[in-house]
Engineer: 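Mind having a look at this structure? Questions to follow.
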Amino acid sequence: METLLIDCVQSSLRHFMLRNAIFLCERLCADFPSELNSQLLAICYLHNNQAYCAYHILKALFYIQKFMAIYNSHLVWPQNMKGHKWLNPATCLQFHAFRWIFLLKLKQHYALLSLMQRYTDRRKSAVDHFKRALSMDPLLWAAYEELCVLGAAEEANGVFSEAAALCIWQQLLNPGSNTPNLQITNEDHVVVLNKTLGSEEMSPRQLKSMQGNIFRDTPGNHVAVFSGGPSSQPSSGGSSNISLYGTPSPMPAQLYGVAPPPLCRNVQPNLNILGGESSPKSKINTTLQGSRRKLLDEGKLRKKFCLSSAYFGLSQVSGRLFSDSEPRRSTRLAGEAANTNSNSLQVGTNGSGHSSTRYFGGLSSSSKLISAAIRSGTFCKGQPSASESFDEGRRSESFDDSRLDNTATTSSSASLFADDGSLERERTGQQMGGVLAHGSRVSSGILELLDLLRTLGEGYRLSCMYRCQDALDIYMKLSHKQYNTGWVLSQVGKAYFEMVDYLEADQAFTLARQASPYSFEGMDIYSTVLFHLKEEMKLSYLAQELISTDRLAPQSWCAMGNCYSLQKDHETALKNFQRAVQLNSKFAYAHTLCGHEHVALEDFENGIKSYQSALRINPRHYNSWYGLGMIYLRQEKFEFAEHHFRRAFQINPCSSVIMCYLGTALHALKKSEEALNMMDKAIIADKKNPLPMYQKANILVSLEKFDEALKVLEALKEYAPQESSVYALMGKIYKQWNIYEKAMLHFGLALDLKPSATDVATIKLAIEKLHVPDEMVDNL
Amino acid sequence: MATESSEGEEEGKAIGGNQHLVVDDDLREMAKKAAWSVSSCKTGNGVQFLRDDNLDTYWQSDGAQPHLVNIQFQKKVKLQLVVLYVDFKLDESYTPSKISIRAGDGFHNLKEIKTVELVKPIGWVYVSLSGADPREAFLNTFMLQIAVLSNHLNGRDTHVRQIKVYGPRPNPIPHQPFQFTSREFITYSCVR
């Protein structure tokens, strides 16, 4: 298993799937801690720009000098890129992305494409693409992770199963099978989809020059893909994303992230999204104008879409660009891309004559990025069989989606593909048989790895579905070595956090920090846990450490902001959170925290805006739903509040706090029965949370059911003896009943517990009113 | 708490000055979004120096007494405390000696709520706005006016270095009759 893991890590590195590489490498080091493996981990971090992590690891190995050498070479690397003719770093990145798309495995592309699509709200297609990616390469953890976050993951057992084992094996045995897919390159049918958004900035000249460059630079590389996009940064700061990404995600993915969904304004409604949505080839530019249809006739793309699509998210070939020259081509190409995944369908026609960029027949459906409707029937429908197949070598199948329309050429190509697909399938089947006899060691390694991934995957999936107790149980099944890694421990901490069990979460995160003190995964959640526990010292220590480790990570600024917020300095806290947002605008939690600060400063408009941006990034971020509900509750818009709390509850059904607030909102809407039910549920869900009981008592008091309220409050007294509001409420009840002595007693107790000034005033007033009847009685 | 000047016992309480500004945690500064204006000022010592958090800069009036500092809020607010920084050692005859605080809806219906007599104050002077009655713990008002009626040594103009206005924090949890005090309750009171 160790060798298998090492191979995977290296191939992920080569393909710039950095997050994947890091994750797998961490697993590797947990189980087989050795110098070599640690070095590999350090290299992964370096590639991901996390030099401090690498430093930490290598320091442990006394490899400081070696580290410096690596670090320097790493530093040199981007400079090489700068020396390029590319106009900006984005271009370089895209270039590289294309390069490897070209050279490599489509599966990663799928994942990228999906990421891109995820960022552009193409949830369904993203889900599809990720699934494809996973089916192509079950070891692509990043894809599974994203699926979980999108909330559409299947059972890990299904994904990391026997079939998966076979497929990995196949891959190992047939490394060459990838190459035919790459043949396409010669054609330089690069379809670059520039985002029409950015298209304004991109001049056709630039595009052409880029293309020229591409061709020149990659004679042997078959990388023809160039995204004109880079130069035309998507309006919403795609460029900023590119420059900013300090967060550990694959570089290309970041680019994708930039692709804003709103495609081109030029998109004409008749352009349908490439069947590509379904088609594997990412037609990123499906948004291209219908005129692109003609492009279909041109060659097919062989390129792996994923990447291209992803990139394209960034840089779509602007319709504008094309419209002047060869609008049709792009569509066609897109169509092609969809169709032929790595295939050798070479649609020879695309010669360098193309001035437009071509799409890369992306891998699979992930390309739906821009699916905004652009492509209408331009693409012919791929054969379903082709796309379904999950042949390693056969990427074309992934494109079942590309159902394009019926252009003659495309349909023919499609059928061509289908045939190819089936042919290849057979071939592979034969190969498989031959190989089965071989490498039982390899197979056992594969099985072990799959086993591990299965456990982790299932745990992650459950925690994303917020079934936290189950997730925790699963993580417990891990081996001791694997459990004590930073990633797993922070996932455990996160699970406890979602269950509102802050003490356990604190413990888990402390262990995580000890295990990997340089990791940022989940540190923002840790800072929130400390905030809830009101641990000022620990929180400020954490914030200082994080900032000194990496000033460019949004998590460190989140921790800092939490620190200030704990001290009620909301303005500074807001500034810190805004910095975190600047560093990575796709980091949903930073937006949510900004929203919380706006609300604390009573700036509800900006609060709503922040929460909504968080939701745009990740609609399953229940904290934002909760935040919106709170704002509406304050503004007394109770229906809205109820709706938002309900959404939050649907996403995270195990949080008693949300249930409690949902109950409050229901009560405000006069649905007191439901409110009480909700409170009961909350009480059962979490015994340690005194709030639902208190709220229940409140509701009962307003319903004038004083007896029951009193009972609840008596019970509550046991749980939280130092809470003045409990006594104050009891005092109120006794006052209602005119039992003055008891009322006085409770009010006195409440005052002793030092409530806030407003409450002091209220309680004193209540006491005064109490006395009046006494006097009246006396006068009588 | 360093220098405390002698306190006379007059009807409008004489207060000394405190070196440090110490305010309860459940109070917050309310006047950041209010409109501040003064009855008169000397060029280079305008109203902004009352709010710049710098004790070296001051507002200097330039007209007839009483000198007025008007604070107008956008909505009715609950106020509890007014704090001024004045320094007799530095300002001598410019140091205010009698201050009146008025409140109301606007310039037309201000009513005096408090008068304070200062005797050689050095530092922060706390003026509480609450009455004795628990019903009057807070002052609910649209506008606050701080009038300097007379200065030490019968000076005409006055220097005030800083003014802050405090009120209670709103309940972080809406629709709650009382605020929470214990850690368990506060921990579970919100999702962040």
Side-chain angles (χ1 to χ4, degrees), chain A residues 500 502 528 531-534 562 565 568 592-593 596 600 602 622-623 626-627 630 633-634 636 648 655-658 660-661 664 667-668 686 688-692 694-695 698 701 719-726 728-729 732 750 753-765 767-768, chain B residues 21-34 51 53 73-83 126 128-140 164-192:
Chain A
V500 196
Y502 300 125
T528 307
F531 172 89
H532 276 289
L533 291 174
K534 305 258 175 282
N562 267 331
S565 186
K568 310 257 191 246
T592 312
L593 289 170
H596 288 316
E602 303 206 340
Y622 71 93
N623 309 52
Y626 162 86
M630 285 296 273
L633 194 61
R634 257 181 230 272
E636 312 223 335
S655 165
S656 55
V657 182
I658 296 185
C660 185
Y661 278 103
T664 316
H667 174 62
D686 186 0
K688 286 185 258 167
N689 184 355
L691 225 67
Y694 183 78
Q695 297 289 10
N698 242 340
V701 165
Y719 276 109
Q722 301 291 324
E723 177 58 47
S724 82
S725 42
V726 173
L729 197 56
K732 251 176 82 174
L753 290 169
K754 299 209 201 308
S756 71
T758 355
D759 289 348
V760 167
T762 330
I763 296 174
K764 283 195 179 159
L765 202 53
I767 293 180
E768 290 234 328
Chain B
L21 177 62
V22 174
V23 170
D24 273 346
D25 210 22
D26 58 348
L27 291 179
R28 63 176 174 127
E29 227 273 325
M30 302 285 301
K32 290 208 178 99
K33 295 210 187 122
R51 302 291 295 161
D53 281 327
F73 300 96
Q74 289 168 336
K75 49 181 180 156
K76 219 167 198 181
V77 291
K78 285 192 181 150
L79 300 175
Q80 206 175 344
L81 181 67
V82 171
V83 190
Y126 296 82
S128 164
L129 299 173
S130 8
D133 208 339
R135 249 174 298 233
E136 291 173 17
F138 305 112
L139 174 66
N140 268 323
K164 287 191 191 287
V165 182
Y166 288 94
R169 279 188 201 276
N171 192 342
I173 303 132
H175 291 279
Q176 271 281 86
F178 302 106
Q179 292 187 24
F180 295 136
T181 56
S182 66
R183 199 168 119 168
E184 300 91 8
F185 268 71
I186 295 180
T187 307
Y188 287 102
S189 66
C190 69
V191 169
R192 190 164 169 86

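Within every chain, numbering begins at 1; the chains are lettered A, B, ... in the order of the sequence lines, protein sequences first and strands thereafter.
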Engineer: Sort A/V726 into side chain, backbone, both or neither according to what part of it lies under 4.5 angstrom from a heavy atom of chain B.
Structural biologist: side chain
Engineer: Excluding sequence neighbours, so at least two apart, what forms side chain to side chain contact (heavy atoms under 4.5 Å, CB included) with A/A668?
Structural biologist: A/F638
Engineer: Highest number of heavy-atom pairs under 4.5 Å with chain B: which of A/L765, A/L729, A/L691?
Structural biologist: A/L691
Engineer: For B/F138, is it the side chain, the backbone, both or neither that has a heavy atom under 4.5 Å from a heavy atom of chain A?
Structural biologist: side chain
Engineer: Which atoms of B/I186 come close to chain A, meaning under 4.5 Å heavy atom to heavy atom: side chain ones, backbone ones, both, or neither?
Structural biologist: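 Just its side chain gets close to chain A.
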Engineer: Under 3.5 Å, which donor-acceptor pairs link chain B and chain A? Put them in a table for me, please.
Structural biologist:
from, atom 1, to, atom 2, distance (Å)
B/D26, OD2, A/A757, N, 2.9
B/R135, NH2, A/E768, OE1, 3.3
B/N171, O, A/R634, NH1, 3.3
B/P172, O, A/R634, NH2, 2.7
B/H175, NE2, A/L633, O, 3.2
B/Q176, OE1, A/N698, ND2, 3.2
B/Q179, N, A/D759, OD2, 2.6
B/T181, N, A/E723, OE1, 3.3
B/T181, N, A/E723, OE2, 3.1
B/T181, OG1, A/S724, N, 3.3
B/S182, N, A/E723, OE1, 2.7
B/S182, OG, A/E723, OE1, 2.5
B/T187, O, A/H532, ND1, 3.3
B/T187, OG1, A/H532, O, 3.3
B/S189, O, A/Y661, OH, 2.3
B/V191, N, A/Y626, OH, 3.3
B/R192, O, A/Y589, OH, 2.8
B/R192, O, A/N623, ND2, 2.8
B/R192, NE, A/N562, OD1, 2.9
B/R192, NH2, A/N562, OD1, 3.1
B/R192, NH2, A/S565, OG, 3.4
B/R192, NH2, A/E597, OE2, 2.9

Engineer: About how many Å separate CD1 of A/I658 and SG of B/C190, when rounded to the nearest 0.5 Å?
Structural biologist: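 Reported value, rounded in 0.5 Å steps: 11.5 Å.
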